[in-house]
Amino acid sequence: MTLLDLQGVAKIYKIGGQEIRALDGIDLQIGEGEFVAIIGPSGSGKSTLMHLIGCLDTPDEGSIIVCGNDISSASSNGLARVRNREIGFVFQSFNLLPRFDVVDNIALPMAYAGVGARERRERAEALARKVGLEERLANRPSQLSGGQCQRVAIARALANDPKILLGDEPTGNLDSKTGDAILAMFRELHAAGKTVVIVTHDPEIAAVCDRVIEIKDGRIRRDYLSPESVR
Amino acid sequence: MSFFLAVEISLREIFAHKFRSFLSMLGIVLGVSSLVATMGLTAGIEKGTKAILQQIGGLERVQVRPKAVETEEVDFWMISPGRTLTDAKAIRESVPSVTHISPELRNWTPVTAGGEEKGYNVNGVFPDYSFINSHSLAAGRFISDLDIANANRVVVIGNQIAETLFPSASPESILGKTVLLQRIPYEVVGVFSLYEREQDKVRRERGVKSARPARAGKNRWDPFRQKNESVLTPFSTMFYDFKSGANSQHTQETVPLEQLAFRVGDLDFFRESIDQVRAVLDVTHRGVDDFDFDTREDMFSQMESSMRATRISGGLIAGISLLVGGIGITNIMLASISQRVREIGIRRAIGARASDIFVQILIESVAIALIGGALGVCAGIFLMQVLIWVAPGENMPVLTMQSVALSVAFAFLAGVFSGIYPAFKAAALDPITALRYE
Ligand SMILES: Nc1ncnc2c1ncn2[C@@H]1O[C@H](COP(=O)(O)OP(=O)(O)O)[C@@H](O)[C@H]1O
Ligand SMILES: [Mg+2]
């Protein structure tokens with residue numbers, strides 16, 4: 001089943017009268033259970049694409065359907081709902097709330113989903129345990145290492161049990177060893193049934209994914225199944 | 001997002017920046033405290049004025065006063081007997097809503113108890129006099145019906161007179177003593193309590209020597225001076241001893257009164273009662289319009305208008321402070337939002353709706369205003385305590401529940417209004433722009 005369906009998508013930025021087509025005619029379908037890597041040089045439009053898929057932004061041309069929701073015509077509240085329930089977004093720079101501890105950070109999406117305080121806490125603690133942070137429940141982001149912060153971010157992305165997990169260079173701010181551990185976590189989650197899309201420019205990471213989409217200048221250059229997965 | 005969570009988040013934000021939050025509250029604190037204090041002050045003035053009014057007879061006391069007749073009536077004028085005891089008896093019989101009535105004779109009389117003779121206004125009165133003028137006895141009894149019937153030579157004196165005639169004697173020890181009114185011996189049967197204003201009382205109790213208003217209080221208005229200088233005899237005794245000689249035709253019933261006061265039982269039927277009394281007096285005065293009524297309503301409306309002025313000026317100060325306070329909150333909230341753009345972006349990214357952000361910021365500004373309001377109420381109460389301590393008196397400020405409720409309501413409104421614009425700005429932030437903000 002197709003979870004993500006992009007048809008002729010374009011995103012245009014205007015800077016000083018000059019048009020930059022950050023994305024230009026993207027056609028893309030991603031089915032349930034896929035593990036996709038998006039690669040490409042810096043400035044090629046990877047983040048822009050992820051933001052569109054993640055409902056943080058809307059396209060200027062074309063249509064996007066996420067889990068059956070037509071994003072191009074959705075209201076602001078509709079987009080918020082999709083972000084909250086259907087998608088877990090993991091950022092390169094973690095984007096945790098600095099004054100909230102681990103449990104509260106993980107529980108935040110549940111608060112916006114209307115989950116009660118008690119259940120929020122229980123589920124947040126369970127998720128913290130799942131990403132191996134049971135010892136750091138009351139710590140704030142500033143008291144954690146980068147790898148630990150990214151684990152909190154992953155746990156938060158899982159808070160409302162979304163179908164899709166997006167990662168925009170989730171290992172970009174980490175050393176290779178910690179990065180590997182985070183990547184292993186994504187693979188685990190994929191094995192547990194999540195649809196995963198991550199942006200990377202590390203070919204090694206791309207190599208472990210099922211499918212690789214190569215972007216350049218806002219267009220899809222190549223879209224192929226990873227040799228390893230074929231094997 | 002649930003309301004309680006939003007409140008919790010707001011409080012956390014406020015306490016994370018204690019000093020900044022406190023600064024933004026200051027205007028509200030000032031506004032609310034001045035509101036509480038002025039309302040306490042006006043309530044105190046109202047209470048004090050009412051108390052004094054009560055002690056000099058209350059709103060229910062009405063005086064019948066003589067009035068110059070119109071020129072076209074001048075020919076009839078002689079046929080009216082003026083205010084007499086007959087008026088009093090007629091009113092008592094015909095107007096049931098008048099509960100007490102006090103006709104008075106007055107005579108400027110030299111008074112002594114053996115020492116120097118001094119002139120005072122001596123009044124010849126009926127037993128109702130005591131109630132109508134809110135008297136209370138320190139010792140002895142008031143003039144009775146028997147005293148009236150027998151024209152007993154008894155006298156009831158005010159505390160100030162007692163002090164003058166019998167220096168530093170206790171009221172009890174004065175009972176039975178003889179006082180000479182124009183050399184006629186009268187027996188003292190009662191002494192009134194000392195009437196004084198709250199501030200004089202406090203001053204006296206604090207031991208300021210000159211407080212005893214012997215002569216010191218002369219240049220100041222003392223509403224109780226007259227009461228403290230009472231010398232009262234039975235109506236009949238006064239008539240026989242001082243009033244019958246001048247005009248042998250006069251009887252007790254026809255002698256002109258110096259004063260005629262009555263008390264209306266139910267203030268709800270005040271106007272009706274006065275009208276009934278007027279009808280009765282029209283008959284006894286044979287249709288001559290030579291009397292009028294003095295009520296305390298003038299005094300009351302004067303009090304009302306002075307209180308309104310206080311209230312308006314206090315309200316103005318409070319209003320301006322609340323406005324300035326509200327602008328202060330708006331300012332701080334705008335600053336705080338521009339520091340929190342990224343946080344707002346993160347919240348939007350994980351599913352917060354624009355309205356969630358709006359409510360969060362609004363609750364935060366309302367919470368600041370309400371905390372400021374609570375502090376303001378405390379400060380207002382403290383201010384009132386200081387006033388009470390500095391200037392004790394009848395008009396001491398009183399704290400009312402309404403003033404607290406009203407002040408808090410105003411603080412709440414200030415919070416809402418000052419939060420709307422910042423909340424709107426925060427909610428209008430585009431998720432991706434906010435998230436990218438450095
Ligand atoms: N908010 C923006 N305003 C203007 N140009 C932008 C904005 N965001 C991205 N771009 C431009 O769009 C292109 C794609 O950027 P991006 O998606 O961030 O690339 P990547 O993530 O692949 O490095 C770049 O040329 C970038 O300069
Ligand atoms: Mg990027």
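In what follows, chains are A, B, ... by sequence order, proteins preceding strands, each numbered from 1. The figures that follow rest on heavy atoms only: side chains count, while hydrogens, waters and symmetry mates do not.
Nearest heavy atom pair, residue Ile12(A) against residue Asp60(A), reads N-OD2, 2.7 Å. Of all heavy-atom pairs spanning Gly372(B) and Val29(B), the tightest one is O-CG2, 3.4 Å. Shortest non-hydrogen contact noted between Arg348(B) and Leu429(B) is NH1-O, 3.5 Å.
Ring centroid separation for the pair Phe412(B) and Phe410(B) does not come in under the 6.0 Å cut-off.
With a 4.5 Å cut-off on non-hydrogen atoms, Ile346(B) touches chain A through its side chain but not through its backbone. In this structure, chain B has no heavy atom under 4.5 Å from any part of Asn160(A). Arg85(A) does not touch chain B: none of its heavy atoms, backbone or side chain, sits under 4.5 Å away. When heavy atoms are compared at a cutoff of 4.5 Å, Leu79(A) does not approach chain B at all. At a 4.5 Å heavy-atom cutoff, the contact between Ala16(B) and chain A is made by side-chain atoms alone. Residue contact with chain B, scored on non-hydrogen atoms closer than 4.5 Å, is absent for Arg81(A).
Geometric assessment of Arg12(B) against the ring of Phe100(A) yields a positive cation-pi assignment under the 6.0 Å and 45° thresholds.
Contact tally against chain B (heavy-atom pairs below 4.5 Å) for Ala80(A), Pro98(A), Ala157(A): the top residue is Ala80(A).
There is a side-chain donor-acceptor pair under 3.5 Å between Ser145(A) and Gln148(A).
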